[in-house]
Structures are given as structure tokens and as C-alpha cells.
Amino acid sequence: MTMTSSVPEPVAYDPAAIEARWRERWAELGTHRTDIAQGESPFYALMMFPYPSAEGLHVGNLFAFTGCDIYARFQRLQGHTVFEPLGYDAFGIHSENFALKVGRHPMELIPSNIRNFRRQLDRAGLMVDWSKSVDTTDPSYYKWTQWVFLQLHKHGLAYKKAAAVNWCPSCKTVLANEQVVAGACERCGTVVEQRFLEQWFFNISKYAPRLLENLNTLDWSATTKQAQRNWIGRSDGARLRFAVLDPLTDAGSSAVSVTTEVRSGSTQIEVFTTRPDTIFGATYLVLAPEHPLVEQLTTPMQEGVVREYLAASVKQDLVSRKTTKEKTGEFTGSYAVNPATGEMIPIWIADYVLMEYGTGAIMAVPGHDERDFEFAQKFDLPIQRVVAGPGDNAKTPLGDAAYVGDGVLVNSEQFDGLGVEEGKVKATAWLASKHAGVGVTNYRLHDWCISRQRYWGPPIPIIYCDDCGTVPVPEDQLPVLLPNIPDFKPDDSGISPLARHQEWYRVPCPSCGKQARRETDVSDTFLDSAWYFLRYPSVGRDDVPFDRETTKKWLPVTTYIGGNEHAVLHLLYSRFITMVLHDAGHLDFEEPFTKFRAHGLIIKEGAKMSKSKGNVVNPDDFINEWGADAFRTYLMFLGPFEEGGDFRDSGISGVKRFLDRLWASVRDCGTGAADDEVLRKLHATIKKVGEDTPALSYNTAIAAMMEYMNVLRRGERVPARAEVEPMVQMVAPFAPHIAEELWEMLGHKTSVFQSRWPAFDASLLTSDTIDLVVQVGGKTRGKIVVAKDITQDAALAAAKADPVIGKFITGEPKKVILVPGRLLNVVV
RNA sequence: GCGAAUGUGGCGGAAUUGGUAGACGCGCGAGACUUAGGAUCUCGUGCCGCAAGGCGUGUGGGUUCGAGUCCCACCUUUCGCACCA
């Protein structure tokens with residue numbers, strides 16, 4: 001070292017130069033490549049792959065990726081072989097709509113978007129192994145997406161049916177239920193219409209019980225699990241059968257004598273209820289307008305009004321149907337028999353009953369269901385109390401609202417006096433014994449419609465042959481390439497743009513060789529992303545979607561970090577596809593993500609960042625001005641990772657100052673012995689950062705390192721090398737470029753990420769004396785320095801002797817409480 | 001309506017099992033060094049008060065020697081689901 005005489009200008013921290021240098025070195029040395037075959041102690045750190053938009057990387061993307069990257073880098077310092085891949089989810093309506101808007105073809109737009117994303121991602125300092133990336137629009141990828149479809153088809157889990165589907169008139173495509181938000185298209189906000197189209201569905205509802213059950217075994221964010229539980233929507237109840245009276249014979253006469261036995265052979269209406277205990281209060285039935293029995297049950301007298309009602313309800317869009325509180329309906333003219341009371345009850349139709357749920361028919365118990373009550377009031381139908389709440393009896397009038405609370409059954413013959421829960425069980429058993437019902441569990445989860453009448457997706461690998469019917473494309477003929485067509489704009493026909501291209505869809509039948517035609521719909525983007533994590537480790541293998549041995553070694557994913565906006569879409573579909581592939585013998589695990597953590601949202605000035613608000617932060621600008629290390633660290637410092645935080649432009653300066661000080665500390669550090677007090681703080685910091693980082697408590701980990709820096713440099717002291725070296729390792733996951741540079745400055749020849757996380761010396765963290773807090777009458781009055789194991793009497797004496805505290809202790813204490821190592825409370 | 005969160009200085013946010021509320025950072029104030037400072041460093045910074053002291057974690061009660069933390073009743077904001085029988 002050259003010193004004294006002419007003092008040389010100290011080398012300042014120059015993020016731009018350092019970061020460029022380490023980007024190159026990492027690429028050169030392949031630092032971020034994971035040896036998939038040799039990996040010992042494999043650790044698969046997954047982040048949700050982005051949609052490569054034309055706008056480029058969003059701060060929200062970087063927040064998520066950085067959080068995952070820190071976790072992954074920390075695990076690497078713990079000695080794991082970490083695999084951190086990233087790819088692009090580039091198919092889908094979003095890309096296609098954008099391409100249409102700017103008048104370019106997605107096939108040329110997406111690659112340029114990806115290049116831009118890659119440029120931005122490279123600057124962020126992620127430890128991503130780019131040799132194992134995926135692009136869902138690449139035939140070498142979607143070949144296997146089509147393969148996944150074929151596996152479902154092979155196992156009877158993919159089927160085609162004409163169904164009322166959600167149709168977005170603006171995007172001109174079918175939407176999954178999950179993509180309809182409050183009756184409007186999730187993407188463009190247009191009100192969704194009902195249409196009847198032939199669609200491919202995946203039978204995910206069959207897996208509902210398992211998807212629900214398995215949640216208990218997963219280490220996932222509680223909010224995410226809860227969202228999935230709600231979405232799967234289990235409810236326990238019963239299916240009950242109501243015999244319909246023959247309108248010609250029974251209903252015509254005024255003195256109807258009805259047997260309480262359900263007569264076999266007669267028309268029956270099956271309902272689903274969660275309240276079989278209230279069967280004695282069922283005073284009418286309601287069918288959904290689309291219910292198949294409506295036509296048969298409508299009497300000639302009611303035909304006119306029913307028809308009118310049906311016509312109106314079909315026209316009505318789903319929004320008003322699903323959100324209007326005002327009840328509407330019509331009487332069909334027919335009656336059914338309440339199997340419990342034997343009474344004749346009218347059958348109505350109303351659109352507050354949904355065909356998609358349960359059986360599409362309900363028994364109405366207006367006394368104990370708010371919706372039924374409202375309907376009964378409006379149409380003057382009988383309301384019967386069968387549950388008595390506290391203070392009520394069988395005769396207490398219901399007033400102006402249904403009673404939905406707990407209580408005991410009344411007006412229910414042999415069930416009178418039973419509690420609601422017991423009543424459910426006994427009533428179900430009784431009805432079952434009369435062959436009028438059976439206890440069942442119902443799920444809200446619907447089958448997954450995967451057909452999209454659009455262009456920008458993987459063609460569904462199916463061929464229709466007049467002789468052979470629906471024929472799956474043989475696996476050895478995959479991929480079914482998406483043709484490059486100029487006219488990819490969808491129209492109103494409900495038919496995919498691919499259907500305009502005979503040269504593409506006309507193919508020989510794989511089975512008989514006769515002229516046949518391809519399915520012209522493409523599959524939902526969520527199918528692309530439902531299996532991508534299986535592909536990463538096996539990227540490069542063209543013969544299999546995922547290599548058996550590699551998959552065994554690397555999956556399930558060790559830790560998945562992503563946004564909670566995918567709690568019920570992507571995450572549920574991924575679990576489903578994994579389960580199916582497991583059942584088909586392709587995987588030996590059935591849950592793809594052992595641990596999942598949802599990160600929070602970055603907001604700005606109290607609002608979500610959006611172009612319309614003009615509060616979008618461009619990561620490039622910040623990285624140019626402050627460096628990627630400061631930007632990363634700031635993103636993690638502004639709030640708890642799992643909650644997100646408020647991005648303030650001025651906040652980053654504090655983090656930059658911290659890195660400047662760290663830089664100067666290493667640059668100037670001496671070879672002398674470490675100071676004892678500093679060393680104690682260092683080891684406490686190693687402990688804290690080592691605990692907070694894997695807990696994703698990044699903000700407090702950074703705060704702890706800042707605190708240490710304050711101690712380290714207090715009074716402009718020159719730190720010792722031993723005091724700063726572990727600090728470089730601790731900061732490395734957060735600010736990898738500067739850490740590498742400082743590590744090198746300290747004389748190391750290999751990457752800091754080849755080192756091991758510093759160990760802390762527990763013996764340095766304990767001391768013989770402690771600061772004992774003294775309270776008098778519960779109020780804190782000060783603290784005294786005493787021996788760690790001081791007795792209560794000695795502590796009291798010391799407190800009395802303290803000039804400040806002592807004056808509060810007047811007279812003989814009533815009570816003295818010593819919490820060893822913490823505090824003394826003197827009650828006077 | 002149902003479900004899940006949330007509420008702490010001027011601001012973002014810290015606080016083991018109940019045990020010094022406000023760590024860390026921004027901002028702000030004072031000072032040092034400077035031709036200069038939007039650089040750097042030092043000190044200060046919850047509120048009221050000259051002080052002693054008092055008051056302070058959405059509101060109102062409660063338990064406790066002691067409550068941001070536990071219990072009861074409300075209120076705020078956010079997110080998810082929403083006529084799911």
C-alpha cells in the first residue's frame with residue numbers, strides 16, 4: 001500500500017462500473033449456472049414467470065424477483081445447490097390484443113419484447129440460470145403443453161360439451177369463470193355475455209376434495225390457502241327429492257289427498273340444501289330458468305308468463321343477474337310434495353337460483369334463508385318458522401327477516417327440540433330412509449374451460465373425423481404448430497381465426513387416413529403456466545417433457561414466491577395438473593410447491609401503480625441513477641416483503657448511503673484487532689440477519705445491518721478487517737455486485753457466493769451484567785445495570801439506591817416483581 | 001352480506017412468551033468541514049411543558065404488578081368471494 005505524502009483520492013463507490021463488470025464476469029464464469037445433474041442438496045427456488053409486455057419490466061416484477069433472488073442467494077450461502085430459473089409466459093390474449101392494437105404480429109412482437117425484458121432483467125443482478133429458460137410460445141415448449149392436454153384426454157379428464165359460457169364481446173372469446181370479475185371481463189372490463197358454445201373442459205371438479213384436503217399439508221401463506229378453500233367452496237348438505245304432482249289429476253282438484261310417501265316413477269325434482277334440518281319449513285321449490293324440467297312442469301295456464309320470463313332472463317347479462325338483489329320469478333303452475341310434511345308446495349322458477357350450482361333447484365325455506373324470505377314476501381308465499389332462536393318458541397312470529405341463526409327445531413314433529421346441527425344429521429337419515437334424499441358434499445369449483453376462440457395460443461391437439469369422431473393427435477406428431485397467419489384478428493362468430501385457414505386445419509385422420517379437420521381453438525394461457533416448473537430442469541431434452549431422474553432430484557419446487565393475484569387461478573391449476581400427471585404415473589409427487597409465499601404489492605403515494613395514475617416507476621431510471629444494488633435493497637427495505645409497501649422516490653437515498661458507508665469501511669479497513677464491543681454487535685447482527693432473511697423479513701434484516709454499520713463507524717473510527725468481512729457476506733444476497741467487488745478487494749479469488757454464511761459465536765451474545773428496567777407501580781422509571789442473576793432483594797436495594805428511581809419508591813413496597821433478565825416492578 | 005387482513009410520530013415502518021413503544025430509514029432542526037453543497041460527518045427529533053412531570057399504539061370497556069400485544073363491543077381502511085341454497 002502506498003500512503004502518506006500526497007494523499008491519493010480514495011476510490012469511490014461507482015455502482016455503474018462495478019455492476020457492469022460483475023455482470024460480465026458472472027456470464028463469463030457461468031456463476032449462475034446450476035449443475036442439474038451433479039447438484040447436491042438441491043434447492044429449487046421458483047418465481048412466477050412474467051408476461052413479457054411491450055411496456056417492459058414493472059417495479060412489481062422486480063420486487064417479486066428480487067425477493068426470490070435474495071432467498072435463493074441466501075440458500076446458496078448456506079451450502080445448497082440452488083436452481084433459480086426464469087422464463088416467459090408469452091401466449092395469451094394480453095399479447096394478442098396488444099399486437100392488434102399496434103398492428104404488428106405477435107410472432108415478431110414477442111421476441112422483441114423478450115429481448116427487452118432480458119436486457120432489463122440482466123441489470124437487476126438476478127442469479128438466474130438462463131441456460132434453462134422457457135418461452136411458452138416456442139414450439140419446443142408448447143409441444144409439451146399439447147402433450148399435457150393429451151394426458152388429460154387419455155385419462156378421461158378432458159371433454160367437450162356445449163355449455164353456457166362467459167363470452168367477452170370485446171376480447172371476442174370465452175373466459176373461464178375465474179376470469180370473470182363481478183360479471184365483467186377481468187382483462188378489459190367489458191360486461192360478459194352468456195353464449196352457448198362447444199368447449200373443451202378439464203374435469204378439475206373431480207379433484208375438488210383432494211385439492212381441498214391437501215391444502216392442510218402445504219406450507220403456504222395462510223391467505224393463499226384461504227383463498228383456495230373459498231374458491232373450492234365445499235359445503236355439506238343433502239340432495240333431497242321432491243315428487244311432482246301430476247298436474248292433470250292431483251293439482252286440479254281442490255281437496256287433494258296426498259300421501260307422504262314419494263311415489264316412484266313420478267317426476268321428481270332434486271334439490272341441494274345445506275339445511276336438511278329445515279325441511280319442515282320448505283314451503284315452495286324454485287328451479288333455475290335453464291332447468292331441464294321447466295318446460296314439462298309449466299302448465300298451460302302459466303305458459304305465457306313463464307315463456308316471457310325465460311326470454312327475459314336469457315337476454316339478461318350475467319352482471320345484473322348476479323348482482324341485482326331484486327328478486328324476480330314466475331309460478332310454473334305445478335306442485336310438488338314436501339316429503340316431510342306431505343304438504344303440497346308450489347314450484348316456481350327464478351333467476352336467483354343458479355343452474356351451475358348444486359342441482360339447479362332449491363327447496364325454499366323462507367323462514368330461515370334471507371333470499372327465500374325476500375322472494376316469499378314479494379310473491380306472498382307461506383313462511384313457516386322451524387328454528388327457534390334464544391327466547392323464541394314455535395309460535396314466535398318471524399317479523400321482517402328470516403332467522404338464520406342457531407337454535408332448536410320447532411314445528412318439525414319428531415325433530416322438535418333438536419339443535420340445528422343434530423337436526424341436520426337426523427333429518428338427513430330420516431329422509432334417506434324414506435328414499436327422499438341422501439347426504440352429499442357439494443363444491444363450488446367448476447370444471448375448467450380451456451378452449452379459446454383466439455389465435456395466440458397452442459392449438460388444441462385434436463382432429464375431428466367423420467368416421468372416427470374425435471381423435472387425439474398422436475404424441476409423436478406433436479407439436480401441432482401454430483401457423484403464421486396475417487389475419488389473426490378474432491371476430492364475433494365465436495370461431496377461432498384458425499378456422500379461416502383450410503390449408504391448416506384440413507388434415508388426414510390419424511386413425512383412418514380420411515380427410516378430417518383439426519380443432520381450431522387454442523388452449524387457455526393458464527395451461528401453459530400450469531406445468532412450466534416441471535420443464536425448467538429438463539430444458540434441452542426434446543424427447544420428454546421432463547426427465548424422470550432430473551425431476552426426482554429437483555421437484556417438487558422447494559420454495560415458490562409469487563403474487564397472491566394467482567392464488568386461485570395459476571396455483572390451483574398447477575396443483576390440479578400435477579395431481580393428474582401423478583395419477584397418470586408421470587410424477588411421484590402430487591403437490592408441486594412444497595412452500596409458497598405470497599409477496600405484497602408495491603404502491604406509490606397510497607395507490608397502486610398504474611399508467612393512468614401516472615405513478616409508474618421505471619426501474620431503468622432508478623438503476624441508472626442509484627445502481628441495481630441500491631434499488632434492490634431499497635425495494636426490500638420499504639416494507640415487509642409479504643405485505644409490500646409504499647415506494648417513495650426519496651427513500652432510496654438512505655440505502656445508497658448505507659452502501660457508500662459499507663464501501664468506505666472495506667476500502668479503509670485496517671488489519672488491527674477487532675473491538676470487543678463491535679464484535680458483539682457483529683455477532684448479534686449475524687444471528688439476526690441469518691434468521692430474518694430466510695423468514696423473508698428482509699426489511700428488518702437490512703435495518704439490522706444498518707444498525708451494525710452505525711456501530712462500526714461510530715465516531716469515524718477505522719474498522720478492522722475482521723469487523724467488515726462478514727458484513728460483505730451478509731449484504732451479498734441483497735446487493736450482490738458490490739459484495740463481489742468488496743470480497744475481491746478483501747483479497748478473495750473466488751465469488752462471495754462460493755463462501756459460507758458466517759457463523760455467529762453465541763458466547764459473545766451473553767454478558768454478566770444486564771440493563772434491568774425498573775418500573776414503579778407499572779410505570780417505567782429508568783434502568784439499572786446489575787448482575788445477570790441478581791436476586792429480587794438486591795435488585796430492589798439497587799433500585800432504591802438509584803437517585804432518580806429511588807425517589808419514586810416511597811414507603812414499604814406492597815409487592816415486588818422481578819422478571820429475571822428483564823425488569824423489576826415495585827408496587828407501592 | 002360472507003371470508004381474510006389492517007389501524008403505531010410529519011412519512012415508510014420496528015417491537016420474543018404480555019415486560020424500556022417508536023429500532024432502521026426518510027424528512028426536519030442545529031452544528032462541523034467547505035469557494036460552494038442537493039456531498040460527507042456530529043448531535044437532536046412522539047406530543048404538551050421552562051422544568052419537575054404528564055400524556056401517548058383507531059374508539060369504548062375489561063383482565064393484569066404491567067397491555068401495541070390478551071378478552072368483549074364498536075369504528076376505519078384494504079383485499080378476496082359475492083343470490084353457491
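Note that the structure is predicted; figures quoted are calculated from it, not measured. By convention in this document, chain letters (A, B, ...) are assigned in the order of the sequence lines, proteins followed by strands, and residues within each chain are numbered from 1.
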Could I get a table of every N or O pair under 3.5 Å where one atom is in the protein and the other is in nucleotides 14-21 of chain B?
| unit_1 | atom_1 | unit_2 | atom_2 | d |
| --- | --- | --- | --- | --- |
| A14(B) | OP1 | N699(A) | ND2 | 3.1 |
| U16(B) | O4 | R822(A) | NH2 | 3.3 |
| U17(B) | O4 | R822(A) | NE | 2.8 |
| U17(B) | O4 | R822(A) | NH2 | 3.1 |
| G19(B) | N2 | Q775(A) | OE1 | 3.1 |

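Legend: ring pair (Phe, Tyr, Trp, His ring centres under 6.0 Å) pairs involving residues 804-828 of chain A, not counting sequence neighbours: none detected. Listed by first and then second residue, the salt bridge (charged side-chain N to carboxylate O under 4.0 Å, His left out) pairs involving residues 696-710 of chain A are K681(A)-E707(A) (not counting sequence neighbours).
Every ring-ring contact (aromatic ring centres under 6.0 Å, His included) that Y207(A) has, sequence neighbours left out, goes to F576(A). Legend: residues meeting side chain to side chain contact (heavy atoms under 4.5 Å, CB included) with S697(A), ordered by chain and number and at least two apart, are D692(A), N699(A), T700(A). Qualifying side chain to side chain contact (heavy atoms under 4.5 Å, CB included) partners for A798(A), counting only residues two or more places apart in sequence or in other chains: I784(A), V786(A). Partners of D660(A) according to the side chain to side chain contact (heavy atoms under 4.5 Å, CB included) rule, which considers only residues two or more places apart in sequence or in another chain, are Y13(A), K656(A). Remark: D793(A) pairs with T791(A) by the side chain to side chain contact (heavy atoms under 4.5 Å, CB included) rule, at least two apart or across chains. Take F658(A) and apply the ring-ring contact (aromatic ring centres under 6.0 Å, His included) test, not counting sequence neighbours, and it matches no residue.
Screening F637(A), F63(A), F622(A) for a ring pair (Phe, Tyr, Trp, His ring centres under 6.0 Å) with F647(A), the sole residue that qualifies is F622(A).
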With a 3.5 Å cut-off and sequence neighbours excluded, list the donor-acceptor pairs that the side chains of residues 278-288 of chain A form with protein atoms.
| unit_1 | atom_1 | unit_2 | atom_2 | d |
| --- | --- | --- | --- | --- |
| T278(A) | OG1 | R275(A) | O | 2.7 |
| T283(A) | OG1 | P382(A) | O | 2.8 |
| Y284(A) | OH | D372(A) | O | 2.9 |

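Rounded to an integer number of Å, the gap from N564(A) CG to U78(B) C1' is 13 Å.
Taking a pair as Watson-Crick or G-U with both hydrogen-bonding distances under 3.5 Å, the stems of three or more pairs touching RNA chain B are B:1-5 with B:77-81, B:10-12 with B:24-26, B:27-32 with B:40-45, B:46-48 with B:53-55, B:58-62 with B:70-74.
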> How does protein contact run along nucleotides 24-39 of chain B, one letter per nucleotide 5' to 3', with B for base contact, S for sugar-phosphate only, - for none, heavy atoms under 4.0 Å?
Replying inline: BSSS------------
